[in-house]
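Below is one structure, written out as C-alpha cells; comments come after it.
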There are 2 protein chains.
Amino acid sequence: MPQKNGRTSRRDIYQKLRQMVLTLELAPGAALSENELAASLGVSRTPVRESLILLAQEGLVQVFPKIGSFVSRVDPAQVADAQFLREAVELASLHALPEHLDPAIVGDLRVNLDRQKRADLDLEEFFELDEAFHQNLMRLSGHGNVWTTVAAAKGHLDRARRLGLHENASPAAFAAQHHEIFEAIVGGDVPLAHTAMRTHLRAVFSDIERIRAHSPELFAADASTVPVRRNVVVWE
Amino acid sequence: MPQKNGRTSRRDIYQKLRQMVLTLELAPGAALSENELAASLGVSRTPVRESLILLAQEGLVQVFPKIGSFVSRVDPAQVADAQFLREAVELASLHALPEHLDPAIVGDLRVNLDRQKRADLDLEEFFELDEAFHQNLMRLSGHGNVWTTVAAAKGHLDRARRLGLHENASPAAFAAQHHEIFEAIVGGDVPLAHTAMRTHLRAVFSDIERIRAHSPELFAADASTVPVRRNVVVWE
DNA sequence: CGACAGGTGCTTGTATACAAGCACTTCGCG
DNA sequence: CGCGAAGTGCTTGTATACAAGCACCTGTCG
C-alpha cells in the first residue's frame, strides 16, 4: 500500500525522452543538448541530465564527456543481440506454461488480438498492442517481470522494426502470426507454438539489412566513429 | 580509436558502490545517505546521486523521494526471474555454437578452469572466475554482449548465491560441473552440454529457501514494506 | 500515565554556479 | 592565396544552494 513514490519530474522526462527516441521522433544520430532540452521542457538541467544518464545505460543515447550527447545510431550488433535475447526468453517461456492458463490473461489476449484485426490501425497503436501481446504471453508462464528486462534491452531492435514498418507497413501479417501462436497455446500444442513463435520473431528480424541499405546514415557503421557536433547529419 | 570516454568520477563511484552491494559489503536493507557517501568518498553529492540512480534502475537500491535510499533486500521473485532469464539465454547459446570454436576463447576457458581447481581459492576469486567462465561460454556462440544484459539483471541472484556460499562454501562441486560443461562443448555433444548446464544452473539456484529461513531479514518479505530510516535492522 | 501536537534534523529533488575541455571559427602571417 | 594558431562558444562534469517533505523526538496537555 505505501509505495510512496512521489511524482518526480525526472520520471516524466525520462519516459518522454525514451518514447521520443524509440518512436524515431528523435532521429538516430541527432545531437542532444542538456541545456536545450531543459529549456524546451521547462525544467533545469538536473532532471534532464539524469534522464540522459539512464538512457545512456540502456544504450539509446551516447554521452561523450565535454563533447556532447547524441541519439545512438541503430547498431546492427545490438539489434542481433536483442533478437537473440528475446527469442531465447520467449521460447523458453512457452515451455514453462502451466497446465491451466490464467483466464483473465487469456481474456486480455483475446481482446488484444481483436483490436489487432482492425483495418484503420495506426502504426504506433499496433506497436502498443504488439508489446502488450508479448508481455501478456510471458505473464501466462509466470515470468511477466522478465519482459521488463527484455524490453529495456531491445531498444535498438524496436527502432529497426519501426524503420521497417514505416517502409512497407503490413501489420496484418504479424497479427495473423500472433493469432496462430495464441491458438497453439490455448490448444496446448507447445511444439506448434514454439515453431510459430520462432517464425514470427525471425520474420520481424529479417529485413533489417534491406533497410540499412536504404538509410545507412541511421545505422552505426563502425563502433569507433564519433559523431561530431555541428556536422551531424540527422535526416538528410 | 577515438572513443574519448574521459575518466569521470561517476563511473568509478558507480562501479565501487555496485561492487559493494553485490559483495554484501553493503548489506541488504542498509540505509544509504547521499551526503554520507559523498563525504566518505571525497566527492560531492552529484556523482554519488547519479550512481544511486543507476543502481536503482538495476534494482540494487531503492530510492524513496524525501525519505531515503536503501540497499534492496534480496527479492525472491527477482531471483527467480534472473534465474529464468540466464537459463533461457545460456541454454539457447549452446544451440547457437558454431562448427569451429574460437581457439583463443577455448584457451582462455582452459586457463580459467585450471584456476578454479586451486584449493586455496578465495570466494570472491571464485565468483570472478565463474563470471568470466559463463561470459566466455556465451562469447563462443558470438553472443558475448548479451551477457552484459544478463549480468545487469541478475544482481539479486548473485547476492543470493553469495549468501549461500558464505554458509557452506563448496566451490569445488561447481568447478567440476563447469569442467563437465566445457568438455561436452569441445566434444561437440550439444545435448549433453545442455543437460549439464541446466543441472549446474539449477544447483546454484536450489538452496535459496534454506538461506531465507536462516536470515529472513536480508530478504524482501512483502513488496509493500517500506524500510524506515532509523529503525533499519541491518545485520541483527 | 498516555496521547497528541509541534519542533527539529535528516532525507531526496531541483536549480544554479563554476570548472574543464573540445570543435569550430576567424584572424594574422608567410 | 594558403596555412597555422589563438580565440570563442558550445559541450558535459562537478560542486553548491535552496526547496519540499517525512520521521522522529520532545514537550505539553488531558
Side-chain angles (χ1 to χ4, degrees), chain A residues 1-17 29-57 60-72 224-234, chain B residues 1-17 29-57 60-72 224-234:
Chain A
M1 173 77 70
Q3 191 62 4
K4 327 184 176 181
N5 266 3
R7 298 256 160 60
T8 65
S9 70
R10 187 186 73 223
R11 216 66 182 180
D12 298 341
I13 290 173
Y14 164 72
Q15 291 184 355
K16 184 164 202 162
L17 288 176
L32 302 176
S33 164
E34 296 178 0
N35 281 318
E36 284 183 17
L37 290 174
S40 84
L41 293 172
V43 294
S44 80
R45 266 185 65 200
T46 306
V48 172
R49 171 181 173 76
E50 292 173 349
S51 298
L52 288 182
I53 290 174
L54 288 173
L55 293 172
Q57 181 168 267
L60 292 179
V61 310
Q62 290 174 290
V63 178
F64 299 95
K66 313 304 177 68
I67 297 180
S69 303
F70 306 87
V71 179
S72 298
S224 67
T225 57
V226 176
V228 184
R229 189 153 58 221
R230 292 172 176 72
N231 287 353
V232 177
V233 180
V234 175
Chain B
M1 175 75 68
Q3 192 63 3
K4 323 182 178 183
N5 266 2
R7 298 254 161 60
T8 64
S9 69
R10 187 186 75 224
R11 215 66 182 179
D12 298 341
I13 290 172
Y14 164 71
Q15 292 184 356
K16 184 165 203 164
L17 288 177
L32 302 177
S33 164
E34 295 179 359
N35 282 318
E36 284 183 18
L37 289 174
S40 84
L41 293 172
V43 294
S44 79
R45 267 185 64 198
T46 307
V48 172
R49 171 180 171 77
E50 291 172 349
S51 298
L52 288 182
I53 290 174
L54 287 173
L55 292 172
Q57 180 167 270
L60 292 180
V61 309
Q62 291 174 292
V63 178
F64 299 94
K66 314 302 179 66
I67 297 181
S69 302
F70 306 87
V71 179
S72 298
S224 67
T225 57
V226 176
V228 185
R229 189 153 59 218
R230 291 172 177 73
N231 288 352
V232 176
V233 180
V234 174

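Only this structure's heavy atoms are used, side chains among them; waters, hydrogens and symmetry mates stay out. To find a chain, count down the sequence lines: A is the first, B the second, and so on, and within it residues start at 1.
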Show your reasoning for whether side chain to side chain contact (heavy atoms under 4.5 Å, CB included) applies to L41(A) and K16(A). CA-CA 10 Å; L41(A) 293 172; K16(A) 184 164 202 162; 4.2 Å; yes

Any chance you could lay out the side chain to side chain contact (heavy atoms under 4.5 Å, CB included) test for R10(B) and T46(B), step after step, and finish with the verdict? CA-CA 8 Å; R10(B) 187 186 75 224; T46(B) 307; over 6 Å; no

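- The distance between atom CZ of F64(A) and atom C1' of dC10(D), rounded to the nearest whole Å, is 17 Å.
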Mind running side chain to side chain contact (heavy atoms under 4.5 Å, CB included) on L32(A) and F70(A) for me, showing each step along the way? CA-CA 5 Å; L32(A) 302 176; F70(A) 306 87; over 6 Å; no

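- The nearest whole Å value for the distance from the CD atom in Q62(B) to the P atom in dT12(C) is 13 Å.
- Atom CZ of R10(A) and atom P of dT14(C) are 7 Å apart (whole Å).
- The distance between atom CZ of R7(B) and atom C1' of dG21(C), rounded to the nearest whole Å, is 16 Å.
- Atom CD1 in I67(B) sits roughly 10 Å away from atom P in dG13(C) (whole-Å rounding).
- Closest approach of V48(B) to A38(B), counting heavy atoms only: CG2-CA, 3.7 Å.
- Straight-line distance from the CG atom of N35(B) to the C1' atom of dC18(D): 13 Å, rounded to whole Å.
- Remark: P of dC18(C) and CD of E34(A) are 19 Å apart, rounded to the nearest angstrom.
- Between dT12(D), dT14(D), dG21(D), one nucleotide has an atom nearer to the side chain of K66(A) than all others, and that is dT12(D).
- Counting any heavy atom pair closer than 4.0 Å across all strands shown, I13(A) reaches no nucleic acid atom.
- Between S72(A) and Q62(A), the shortest heavy-atom distance links the atoms OG-CG, 3.5 Å.
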Check against side chain to side chain contact (heavy atoms under 4.5 Å, CB included), S69(B) and V61(B): CA-CA 7 Å; S69(B) 302; V61(B) 309; 5.7 Å; no

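- Contact check, T8(B) against dG13(D): no side-chain N or O comes under 4.0 Å of OP1 or OP2.
- Rounding to whole angstrom units, CG of residue L37(B) and C1' of dT12(C) are separated by 13 Å.
- Looking at residues 40-52 of chain B, you'll see R45(B), R49(B) sit with a heavy atom under 4.0 Å from some atom of DNA chain C.
- The side chain to side chain donor-acceptor pair (under 3.5 Å) test applied to R49(B) returns E50(A), E34(B), not counting sequence neighbours.
- In terms of phosphate contacts, S69(A) brings a side-chain nitrogen or oxygen within less than 4.0 Å of OP1 or OP2 of dT12(D).
- Distances shorter than 4.0 Å separate some side-chain N or O of S9(B) from OP1 or OP2 on dT14(D).
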